[in-house]
Amino acid sequence: MRLFVLSRHAHSTLNLEQRINGDPLVPVALTPGGESEAVLLGDQVRNIPLEACVHTRFGRTRRTAELALQDRAVPLHVEPLFDDIDVGKLDGASIADYRAWKGSHARSEPFPGGESLDDAAHRYAAGYRRLLDGPWSVVLLVCHEIPVRYAVNAARGSGELDGPVHEVGNARPYLFDEEALARTADRIDRLAGAEAAR
């Protein structure tokens with residue numbers, strides 16, 4: 001059986017400040033509590049025979065992976081398809097401002113100078129398919145809240161990507177076998193398209 005372990009990065013300074021970041025070139029550190037969370041994630045996956053760990057271009061995902069796997073010879077690989085949403089001119093804005101913009105615009109409408117939520121959803125579905133097409137049987141993916149949230153809701157058979165699970169905790173593992181992840185990728189694509197058509 002192939003196994004895919006999905007996790008959001010550990011708690012970061014941006015989580016503490018309640019700000020958003022969709023630019024991988026902006027350095028964002030983990031908090032001391034986040035570093036402890038990353039080590040705990042490592043304990044939770046210690047007995048899983050990981051062949052690889054995939055992370056995004058964002059430093060907070062790489063640092064989480066490094067701390068989780070610090071005493072294991074698991075190769076790290078960068079996959080930009082799982083990068084956080086490009087929020088364009090809203091980068092660095094408060095979570096409240098981000099949610100206000102999101103609440104007054106369609107999912108298909110791009111953030112000013114960025115991408116749309118639907119575009120990001122299709123990108124995440126493509127990322128999950130790339131994992132499925134890859135050579136590894138057991139993989140840890142460390143990415144961001146939204147790709148994990150979309151996967152969890154799609155896997156539950158939800159009719160929307162943002163619910164019923166609205167928040168995904170930092171550094172918590174979610175396990176998918178091959179068939180479940182394939183179904184999840186397909187449903188993410190369908191839900192993004194369906195929500196755009198509303």
Side-chain angles (χ1 to χ4, degrees), residues 6-31 34 54-65 77-131 141-155 158-171 174 181 184-198:
L6 280 51
S7 176
R8 179 187 181 187
H9 61 80
H11 193 258
S12 75
T13 54
L14 280 181
N15 296 143
L16 197 63
E17 297 166 7
Q18 291 288 290
R19 292 189 298 114
I20 58 171
N21 162 239
D23 180 356
L25 298 179
V26 175
V28 177
L30 299 182
T31 62
V54 174
H55 61 86
T56 72
R57 294 181 295 169
F58 290 73
R60 55 191 180 271
T61 66
R62 182 178 180 91
R63 182 60 179 153
T64 299
H77 301 271
V78 178
E79 180 47 77
L81 285 173
F82 292 109
D83 280 358
D84 216 343
I85 291 178
D86 180 358
V87 292
K89 294 179 181 178
L90 289 180
D91 199 81
S94 70
I95 292 289
D97 287 343
Y98 161 79
R99 287 178 176 161
W101 191 97
K102 178 181 166 184
S104 61
H105 295 79
R107 289 185 53 89
S108 58
E109 186 174 343
F111 288 96
E115 68 181 332
S116 73
L117 291 168
D118 281 340
D119 287 343
H122 292 305
R123 174 163 58 82
Y124 297 145
Y128 290 128
R129 290 192 185 95
R130 182 168 290 179
L131 285 183
L141 167 63
V142 181
C143 56
H144 305 271
E145 180 186 21
I146 294 175
V148 178
R149 184 199 314 156
Y150 287 2
V152 170
N153 286 320
S158 174
E160 61 174 303
L161 292 170
D162 282 319
V165 175
H166 297 288
E167 293 188 20
V168 172
N170 296 97
Y174 292 84
L181 193 60
T184 293
D186 289 345
R187 189 164 185 83
I188 289 172
D189 269 337
R190 287 198 305 273
L191 288 174
E195 292 184 24
R198 289 178 187 164

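Qualifying salt bridge (charged side-chain N to carboxylate O under 4.0 Å, His left out) partners for Arg187, counting only residues two or more places apart in sequence or in other chains: none. By the side-chain contact (heavy atoms from CB on, under 4.5 Å) test, Ala120 is found to be paired with Ile85, Glu115, Arg123, Tyr124, residues two or more places apart in sequence or in another chain being considered. Evaluation of the side chain to side chain donor-acceptor pair (under 3.5 Å) rule for Ser158 yields no partner, not counting sequence neighbours. Every residue two or more places apart in sequence or in another chain was checked for a side chain to side chain donor-acceptor pair (under 3.5 Å) with Arg63, and none qualifies. The ring pair (Phe, Tyr, Trp, His ring centres under 6.0 Å) search around His11 returns none, not counting sequence neighbours. Residues satisfying the side chain to side chain donor-acceptor pair (under 3.5 Å) criterion with Asn153, sequence neighbours excluded, are absent altogether. Every salt bridge (charged side-chain N to carboxylate O under 4.0 Å, His left out) that Glu17 has, sequence neighbours left out, goes to Arg19. For the salt bridge (charged side-chain N to carboxylate O under 4.0 Å, His left out) test, residues two or more places apart in sequence or in another chain that qualify with Asp189 are Arg129. Evaluation of the side chain to side chain donor-acceptor pair (under 3.5 Å) rule for Tyr150 yields Arg107 as partners, not counting sequence neighbours. Residues passing the ring pair (Phe, Tyr, Trp, His ring centres under 6.0 Å) test with Tyr174: none are found, sequence neighbours excluded.
Between Phe58 and His9, a ring centre-to-centre spacing not shorter than 6.0 Å is recorded.
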Evaluate side-chain contact (heavy atoms from CB on, under 4.5 Å) for Ile20 paired with Ile95, printing each intermediate quantity in order.
CA-CA 6 Å; Ile20 58 171; Ile95 292 289; 3.2 Å; yes
Trace of the side-chain contact (heavy atoms from CB on, under 4.5 Å) decision for Leu6 with Cys143
CA-CA 8 Å; Leu6 280 51; Cys143 56; 5.7 Å; no
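Summarising the geometry, atom CG belonging to Asn21 is positioned 12.0 Å from atom CG belonging to Leu90; distances are rounded to the nearest 0.5 Å. Note that the CG atom of Leu181 and the CG atom of Leu131 stand 6.5 Å from one another [nearest 0.5 Å].
Taking all atoms of both residues into account, the shortest heavy-atom contact from Phe111 to Val87 is CB-O, 3.5 Å. Nearest heavy-atom pair, Ala185 versus Tyr128, reported as atom, atom and distance to 0.1 Å: CB-CB, 4.1 Å. For Ile188 against Ala125, the heavy-atom pair with the smallest separation is CG2-CB, 4.1 Å. Taking both residues in full, the closest heavy atoms of Arg8 and Val168 are given as NH1-O, 2.7 Å, listed atom of the first, atom of the second, then distance. Across Ala121 and Leu161, no two heavy atoms sit closer than the pair CB-CD1, 3.9 Å. Of all heavy-atom pairs spanning Val148 and Ser7, the tightest one is CG2-C, 4.0 Å.
Applying the salt bridge (Lys or Arg N to Asp or Glu O under 4.0 Å) rule to pairs touching residues 78-99 yields Arg57-Asp83, Arg60-Asp84, Glu79-Arg130, sequence neighbours excluded.
Between the Thr61 side chain and the His55 main chain, no donor and acceptor come within less than 3.5 Å of each other. Judged by distance alone, the side chain of Thr64 and the main-chain N or O of Ala10 form a donor-acceptor pair under 3.5 Å. Judged by distance alone, the side chain of Gln18 and the main-chain N or O of Ser94 form no donor-acceptor pair under 3.5 Å.
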